[in-house]
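Keep in mind the model is a prediction, meaning the values are calculated, not measured.
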Amino acid sequence: MRIGKSGHLSYCTNIHAGESWVEIFENLKVYLLNIKQKVSEKEPFGIGLRLSYQAAIELSDKSKLHAFKEWMTLNNVYVFTINGFPYGNFHGETIKDQVHTPDWTTDLRKEYTILLFDILGALVPEHILGGISTSPISYKYWYATEERLEDAKIKACDFLIDVVQHLMDLKNQTGKNMHLDIEPEPDGVIENSEEFLHFYNDYLLKLGVPLLMKNTNCTENESDNAIREHIQLCFDVCHFSIAYEKPVEVIQKMKNNAIKIGKVQISAALKCNVESNNTIEELQSYLRPFREPNYLHQAVIKTSENNSLKFRDLDAAIEAMNVTNFKELRTHYHVPVFLAEYQDLQSTQDDIIETLQFWKTNNFTDHLEIETYTWDVLPNQMQTDIIDAVTREINWVRNSIGETI
């Protein structure tokens with residue numbers, strides 16, 4: 001839906017299980033249309049589409065693509081963004097670090113992303129920027145040495161420049177302008193603002209500009225502009241909260257480096273701290289129901305000396321609360337954005353509010369997408385009807401911005 005001066009707000013449909021196009025299309029009919037009825041009955045409603053590689057192959061069939069476009073017109077919905085991070089199955093099985101497979105060191109990731117852009121170029125309405133979010137290059141712990149990590153960044157840079165060239169060609173052919181949004185994530189090769197800026201400036205620009213000049217005969221300035229236009233930041237609020245980075249500071253860093261923010265993924269991390277009236281043992285008991293086998297729930301503990309201790313999953317972090325000078329724990333577990341507290345745990349909802357309030361006066365991106373994908377693995381007491389839950393999240397965001405409902 002339209003929000004603010006030029007923004008588009010929706011939720012990411014990766015929350016619905018389904019890897020084939022038939023399953024995904026059915027989910028849109030069952031869930032998205034019911035949510036639209038509740039939050040945007042008469043106005044157009046945007047889709048934050050998620051397509052697996054399998055679904056993308058199937059939807060690229062001209063007849064299926066044409067049928068989907070007709071369905072969208074009939075139901076007054078439109079696609080403005082695609083989640084291109086999970087390549088394969090995203091529900092119902094152990095995924096953990098394999099969510100990064102294939103990564104940006106492979107042709108598979110590049111070809112998948114180009115396929116998604118071809119689909120998005122056919123779907124996104126005229127005069128609306130299209131965006132696709134993608135992985136933070138790879139999973140950091142797959143690389144045992146700095147040399148291997150360096151090779152991965154260089155390979156990724158080459159493939160990303162191929163995508164930039166493809167987007168330049170699509171813009172020339174169709175007039176549609178689209179961008180790829182790199183999403184920093186805990187334990188990714190890029191997991192915070194400094195690592196993002198390092199990769200962007202020292203790889204994409206330093207290595208990518210000469211490569212694009214060679215491939216396209218563009219000038220240095222034209223190549224620099226093309227990279228900045230077509231590769232942007234996906235600002236996942238949860239992820240930056242886990243890195244203990246304040247939203248406005250990150251946004252200002254991007255502005256200072258002339259890097260655009262393609263999409264804000266509105267998400268909240270789970271946290272707890274010693275300011276509660278509970279013992280550490282009680283806090284641990286509240287956290288344990290959030291241990292589940294499907295997704296990585298990386299965690300960071302802040303100590304009373306303000307040191308940061310990183311853990312690859314929540315189990316180890318919970319146990320470490322006993323042996324550290326524990327002050328606060330934050331974990332990569334998306335919880336409903338409308339919840340500030342649960343039992344005596346909290347969320348990083350305040351970072352979402354700060355982001356939305358800053359966006360309201362600065363409009364630093366056109367794309368706002370709610371991404372609470374954990375509904376089916378939340379503790380039993382938090383389980384709820386998905387249509388009502390997403391409706392509540394959308395209305396909470398609108399209220400936070402000051403939009404009339």
Side-chain angles (χ1 to χ4, degrees), residues 49 51 53 56-57 59-60 65 79-85 87 100 102-124 126-138 150-184 189-190 196-234 254 257-263 365-367:
L49 191 61
L51 296 173
Y53 176 70
I57 288 290
L59 181 56
S60 63
L65 200 58
V79 173
F80 65 95
T81 185
I82 293 177
N83 185 335
F85 191 154
Y87 176 96
H100 293 274
D103 64 14
W104 273 104
T105 67
T106 66
D107 277 302
L108 285 175
R109 173 61 63 173
K110 180 187 79 171
E111 295 306 323
Y112 167 56
T113 304
I114 286 175
L115 176 60
L116 292 179
F117 273 117
D118 288 342
I119 292 170
L120 183 60
L123 297 178
V124 67
E126 300 286 347
H127 312 302
I128 293 180
L129 293 175
I132 294 176
S133 51
T134 192
S135 81
I137 308 305
S138 187
E150 174 74 6
D151 287 343
K153 292 177 182 178
I154 292 171
K155 285 182 180 178
C157 180
D158 289 347
F159 286 134
L160 287 164
I161 294 304
D162 287 342
V163 174
V164 171
Q165 187 172 343
H166 188 74
L167 292 177
M168 293 169 68
D169 292 340
L170 285 176
K171 184 178 180 180
N172 289 333
Q173 295 163 11
T174 68
K176 294 185 177 181
N177 196 3
M178 297 180 285
H179 46 81
L180 180 65
D181 308 326
I182 297 175
E183 180 184 340
V189 168
I190 301 173
F196 179 84
L197 290 174
H198 171 58
F199 180 76
Y200 204 102
N201 291 323
D202 294 344
Y203 292 85
L204 284 176
L205 295 180
K206 186 176 181 180
L207 302 181
V209 166
L211 183 58
L212 198 58
M213 290 171 63
K214 177 183 176 182
N215 292 346
T216 64
N217 294 318
C218 287
T219 66
E220 181 176 359
N221 187 58
E222 288 169 338
S223 297
D224 184 277
N225 288 340
I227 292 171
R228 294 181 187 276
E229 189 65 34
H230 295 300
I231 299 186
Q232 303 184 17
L233 172 70
C234 175
M254 298 306 124
N257 283 269
I259 297 171
K260 296 179 180 180
I261 296 175
K263 173 163 66 176
T365 182
D366 286 342
H367 294 177

Practice problem: Examine distances only and state if a side-chain atom of S133 and a backbone atom of E183 form a donor-acceptor pair shorter than 3.5 Å. | Solution: no
Quiz item: Measuring from K153:NZ to D158:CG, what's the distance to the nearest 0.5 Å?
Solution: 14.5 Å
Self-check item: Residues D151, K155: salt bridge by 4.0 Å N-O rule
Solution: no
Quiz item: Does any non-hydrogen side-chain atom of F85 lie less than 4.5 Å from one of C234?
Solution: no
Quiz item: Parallel, tilted or perpendicular: which fits the ring planes of F199 and Y203, with parallel below 30° and perpendicular above 60°?
Solution: parallel
Practice problem: For side-chain contact (heavy atoms from CB on, under 4.5 Å), just list the numbers for L59 and L65, CA-CA rounded to whole Å, side-chain angles, deciding distance to a tenth of an Å, and then say yes or no. | Solution: CA-CA 6 Å; L59 181 56; L65 200 58; 3.8 Å; yes
Self-check item: Ring centroid separation F80 to H367 under 6.0 Å
Solution: yes
Quiz item: What do the steps show when you test L51 against N83 for side-chain contact (heavy atoms from CB on, under 4.5 Å), and what is the final call?
Solution: CA-CA 7 Å; L51 296 173; N83 185 335; over 6 Å; no
Practice problem: State, to 0.1 Å, how close L115 and A56 come at their nearest heavy-atom pair, and which atoms those are. | Solution: CD2-CB, 3.6 Å
Quiz prompt | Nearest heavy-atom neighbours spanning L205 and P210 | solution = O-CD, 3.9 Å
Practice problem: Give, for atom OG of S60 and atom CD1 of I119, the distance between the pair rounded to the nearest 0.5 Å. | Solution: 5.5 Å
Self-check item: Taking every non-hydrogen atom, the tightest pair across D103 and S138
Solution: OD2-OG, 2.6 Å
Practice problem: Report yes or no: does N201 contribute a side-chain atom to a donor-acceptor pair with the main-chain N or O of L197 at less than 3.5 Å? | Solution: yes
Practice problem: Mind checking the CG-CD1 spacing from L180 to I114? Nearest 0.5 Å is all I need. | Solution: 10.0 Å
Quiz item: Hey, does L123 have a side-chain heavy atom less than 4.5 Å from the side chain of I82?
Solution: no
Practice problem: Could you pull out the closest heavy-atom pair between L116 and G84, with the gap in Å? | Solution: CD1-CA, 3.6 Å
Quiz item: Where the side chain of N257 meets the backbone of I259, is there a donor-acceptor pair that is under 3.5 Å apart?
Solution: no
Quiz item: Can you find a pair of side-chain heavy atoms, one from L211 and one from L207, that are under 4.5 Å apart?
Solution: no
Exercise. Give a yes or no on whether the backbone of R109 and the side-chain of T106 come within a donor-acceptor separation of less than 3.5 Å.
Key: yes
Exercise. Can you tell me which residue pairs pass the salt bridge (Lys or Arg N to Asp or Glu O under 4.0 Å) test with a partner in residues 198-217, sequence neighbours excluded?
Key: none
Self-check item: Whether over 12 other heavy atoms sit under 6.0 Å from Y53 OH
Solution: no
Exercise. Rounded to the nearest 0.5 Å, what's the gap from CG on D181 to CD1 on I132? Could you check?
Key: 8.5 Å
Quiz item: side chain to side chain contact (heavy atoms under 4.5 Å, CB included) with L160: which of T113, I182, I227?
Solution: I182
Practice problem: Drop me the distance from E222's CD to E220's CD, to the nearest 0.5 angstrom. | Solution: 11.0 Å
Exercise. Give me the one residue out of Q232, K263, R228 that meets side chain to side chain contact (heavy atoms under 4.5 Å, CB included) with H179.
Key: Q232
Practice problem: Step by step, work out the side-chain contact (heavy atoms from CB on, under 4.5 Å) result for M213 and T219. | Solution: CA-CA 6 Å; M213 290 171 63; T219 66; 6.0 Å; no
Self-check item: Heavy-atom pair of closest approach, residues C218 and M168
Solution: SG-CE, 3.7 Å
Exercise. Check salt bridge (Lys or Arg N to Asp or Glu O under 4.0 Å) between K110 and all other residues, then give those that pass, not counting sequence neighbours.
Key: D107, D162
Exercise. Report yes or no: does H100 contribute a side-chain atom to a donor-acceptor pair with the main-chain N or O of I137 at less than 3.5 Å?
Key: no
Practice problem: Applying side-chain contact (heavy atoms from CB on, under 4.5 Å), run through Y200 and I231 and close with a yes or a no. | Solution: CA-CA 9 Å; Y200 204 102; I231 299 186; 4.0 Å; yes
Practice problem: Write down the atom of P102, the atom of L108, and the distance for their closest heavy-atom approach. | Solution: CG-CB, 3.7 Å
Practice problem: Indicate yes or no: at least one non-hydrogen side-chain atom of D169 is less than 4.5 angstrom from one of Q173. | Solution: yes
Quiz item: Hey, what do you get for CZ (F117) to NE2 (H230), rounding to the nearest 0.5 Å?
Solution: 9.0 Å
Practice problem: Report the C-alpha distance between E229 and K260 in whole Å, list the side-chain angles of each, state the deciding distance to 0.1 Å, and finish with yes or no for salt bridge (charged side-chain N to carboxylate O under 4.0 Å, His left out). | Solution: CA-CA 8 Å; E229 189 65 34; K260 296 179 180 180; 2.7 Å; yes
